[in-house]
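Before we start, here is the structure in question, set down as structure tokens.
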Amino acid sequence: MSLGHLVKGGDFVCSCHRWCSFRQVCVEARMKLKKQVTVCGAAIFCVAVFSLYLMLDRVQHDPTRHQNGGNFPRDCQFALGGQGQKPDLQVLTVSEELPFDNVDGGVWKQGFDISYSPHDWDAEDLQVFVVPHSHNDPGWIKTFDKYYTEQTQHILNSMVAKLQEDPRRRFLWAEVSFFAKWWDNINAQKRAAVRRLVGNGQLEIATGGWVMPDEANSHYFALIDQLIEGHQWLEKNLGATPRSGWAVDPFGHSSTMPYLLRRANLTSMLIQRVHYAIKKHFAATHSLEFMWRQTWDSDSSTDIFCHMMPFYSYDVPHTCGPDPKICCQFDFKRLPGGRINCPWKVPPRAITEANVAERAALLLDQYRKKSRLFRSNVVLVPLGDDFRYDKPQEWDAQFFNYQRLFDFLNSKADFHVQAQFGTLSDYFDALYKRTGVEPGARPPGFPVLSGDFFSYADREDHYWTGYYTSRPFYKSLDRVLEAHLRGAEILYSLAVAHARRSGRVSQYPLSNFILLTEARRTLGLFQHHDAITGTAKEAVVVDYGVRLLRSLVSLKQVIINAAHYLVLGDKETYHFDPEAPFLQMDDTRLNHDALPERTVLQLDSSPRYVVLFNALEQERLSVVSLLVSSPWVRVLSEEGQPLAVQISAHWSSATEMVPDVYQVSVLVRLPALGLTVLQLQQGLDGHRSLPSSVRVYLHGRQLSVSKHEAFPVRVIDSGTTDFALSNRYMQVWFSGLTGLLKSIRRVDEEQEQRVDMEFFTYGTRTSKDKSGAYLFLPDGEAKPYVPKDPPVLRVTEGPFFSEVVAYYEHIHQVVRLYNLPGVEGLSLDVSSLVDIRDYVNKELALRLRTDIDSQGTFFTDLNGFQVQPRRYLKKLPLQANFYPMPVMAYIQDTKNRLTLHTAQALGVSSLGDGQLEVILDRRLMQDDNRGLGQGLKDNKRTCNRFRLLLERRTVVSEVQDGRSTSYPSLLSHLTSMYLNTPALALPVAKRQIPGPGLRSFRPLASPLPCDFHLLNLRTLQAEDDALPSAETALLLHRKGFDCGLEAKNLGFNCTTSQGKVALGSLFHGLDVGFLQPTSLTLLYPLAPPSNSTDIYLEPMEIATFRLRLG
Ligand SMILES: [Zn+2]
């Protein structure tokens, strides 16, 4: 979008709700067993806990578990960092030092006067590259398809014609999604012409991603995936390999992008939407072009050359030079008589013999002024705007008039200028040549920069921090789709490899590859900077939503089909019947904007089987909850061992149970990336079936509460005594009045840590500019949320988990504590079901207040890939201090760190010491003047999910001595993975009678090291687009982590390995037939195929391998 012209103007009780530590309980249980105490209540509870204890013994005695021994110390060195050279520029430091005074700069309103001497170029000519471009949003005001039909196809069609008319013409394109759609609709002759234009350098595809992604809310899985999809498409269809990045419209820039582009072998990149004050400062210090380096990088291996556009916008008035009134006169689409004009009231004039001298001089003055902001004598002048060049006349107007100007300028030797059309890479190549370096290398004297460019303001106090939360429903659905895509990719790749190896590939539904491709493209499309951002028109949001849901359903099918094959014990019996799927979905969504409804298992006399899929690359001990039709249920393991189960009611509201639906929760150990089978039977197993107990606090409200013979329910009409839930690690206190979290006390500590949870609301200003889809313009500080009625609280306690649900008018807040060792038991599971459809211009925030001495510093992640320290800056307005939170935010002091993990991108801040605050949803009745033309009024019931982790610092280091980097602990990384990758429960369809023929599937011979993440195992396309090739892309990420926070005995079943992984023996039952390291998107081999399958990765690095499994 461009608005340059606007510058003008579930549930149990155990007898005690404060549990003794786990081991104590178990010892007690054992003793009681010895004494053969079989009295009801207590004994049932004890048997369950005892069997749980036996299950967990493995964890306790697993020799690989001791993370404090082995390789940990060496792997811990990385986070201490500091050995590398410091960059010249740290964006965080720059922001702390800048006054942000917004002084009027004259014609360049947000800048300053630029002066030069005409002799400045006597020694070296000024080289000008005018880059024609058209910014095509894959959905914003119109849907993707409507834009394509009405505008984009015409742009691309006339491009082919108009570029061929003159070999000096150039054009830049970025969005492969549109290009691919157009490609499917053009003939072979036109395709050949396009390939020629790419081959001879007239047409450049920049970045080459499926879209130009949002960089705030997007997760790095999706960022990489859409880049792979685009690059693979380009290689196959055009033979093109992108060299330069082009991001003119994303609303702020993340430092994850330069890393990804660098690893995809791009050498240069361009960014545009950066805070005007930073632009001004960088312009004044000749720092608009820099080597962008990752904060963790100790040498220069992540450096990529970056050009920051200096002015307000990427439209023509703001790209030729500092004065938009002049530059607008050189946008020949705005010639008088056309549909658009220049808001500065001076129209363009067609270039003629008579006026060329005067016009050229005027334009050269702008070029020269712009050039003075940069270190080289090469100047970049983008020439385009949104959906430009859709008519032949526009091509002619721009190309003819500019060519006349260039011819004149170039004919005057004393002007010392060479002006021409160019692509972005033409510009960068000329700059490298002029500065005497290889493409992508650091030109002498150019600065090195680290950091990111959030948050963005385009003018005044207009901070684009609202879109971090806008339309949270779809931000959540995005991540659900992402987790399903990753799971489906991995399972499909493994199923096809196993089917090939056993000669049954012809029976396998290989055509599921089409569903995968569609889903990749849907997720890719949604990363667009008007999609995941929540900044498109309502009808476009619906279009995205329908696509997301369709792909989600497709991915569930892919997962089901792969799981069917892999879980069959006897593959001879495998038969794929598309009409009768072997497995059912775990849930269904009635509509794209509906929350999922979980599948209810109908139980009768015959057994039901359920296949569980764990998409984590680590073995996982988790509670899996299923909905069943009877409270009398037995659950057996695959080996036929009865499992202890927690039975709870299924509630439709605070006080009403859903009749005939019950929640059964079992504790299961799930293999890494594997499948497990459970068997359910109707029947009573009094020893292992453990009902939850329920207390309902009515706070004086006259409500009737459902009762059920299977669950003890206690109703407390009034009373506000605080209460606690406990597990082996902690005691968690809640307010009896609000039902919200108050404090956490670790079992081995006297002192409790205050963690006060409260809701707040923000209003918007009454005059002038108001908050909208992009902007957050609050009317002051947040006010406490005041509900109409006191909340009804429902406290459920059981052996595997206990929870508190607080029912407010606009929020149902659930805080759940799992009572099991390891990752699940160490954090609090928090979910907020938000519904603010009756709000008028209000935003709802969740605030945590603690005694952590955070000293104005907080930490937020970038794309789930890295953590960026933030400073609360008092000199800036409140809204400037909000940042994107795709996966986590934390505050810390020398003793503690509190991390809020999230399953959806939301805006976050720390507005006071010891605080963390997240905006849950926003309802805004008006447009905020950034082109959308709508408010945000299509709010949905949205479930925001979190994990809250309180960690103790064991190694006191210089935690916040102005360090530019910070890392989550391994526990925090795993907590985030658990939250974002829930286990899927796929019931075997009722009519299928599999008998004992189902077997667990354990694809990994050994778990991956704790710090490795298998980002994807992505089957590559065959020559035939609809079919899979025999090769897959394996993407591995080695995480950086902070060891100073680890408590002992976390119950991990993995260790670290100093970055080494033996891929050859990683996959159980499959051989690695071919292994080649490649660039991130597989366009460049990095080494010849190797016989060795042992690989090594530096911390924080992501590596791609072309892999053949069989
Ligand atoms: Zn855009």
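Ligands are counted one by one from 1 in listed order, and the atoms in each one are counted from 1 as well. All residue numbers in this chain count up from 1 along the given sequence.
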Ion pair Glu843/Arg923, N-O distance below 4.0 Å: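 No salt bridge links Glu843 with Arg923.
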Asp137 atom (N/O/S) at minimal separation from the Zn ion (ligand 1):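 In Asp137, the N, O or S atom with the shortest distance to the Zn ion (ligand 1) is OD1.
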Evaluation steps, side-chain contact (heavy atoms from CB on, under 4.5 Å), between Met925 and Lys937: CA-CA 6 Å; Met925 313 317 281; Lys937 296 190 282 190; 3.5 Å; yes
Between Ser254 and Asp452, a side-chain donor and acceptor under 3.5 Å: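 Side-chain D/A pair, Ser254 to Asp452: absent.
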Decide, yes or no, whether a salt bridge links Asp593 with Lys940 under the criterion of side-chain N to carboxylate O below 4.0 Å.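 A salt bridge links Asp593 with Lys940.
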Measure from the Zn ion (ligand 1) to each N, O or S atom of Asp249 and report whether any distance is below 2.8 Å.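 Asp249 does place an N, O or S atom closer than 2.8 Å to the Zn ion (ligand 1).
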Nearest 10°: the angle subtended at the Zn ion (ligand 1) by His135 NE2 and His529 NE2?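 The angle at the Zn ion (ligand 1) comes to 110°, rounded to the nearest 10°.
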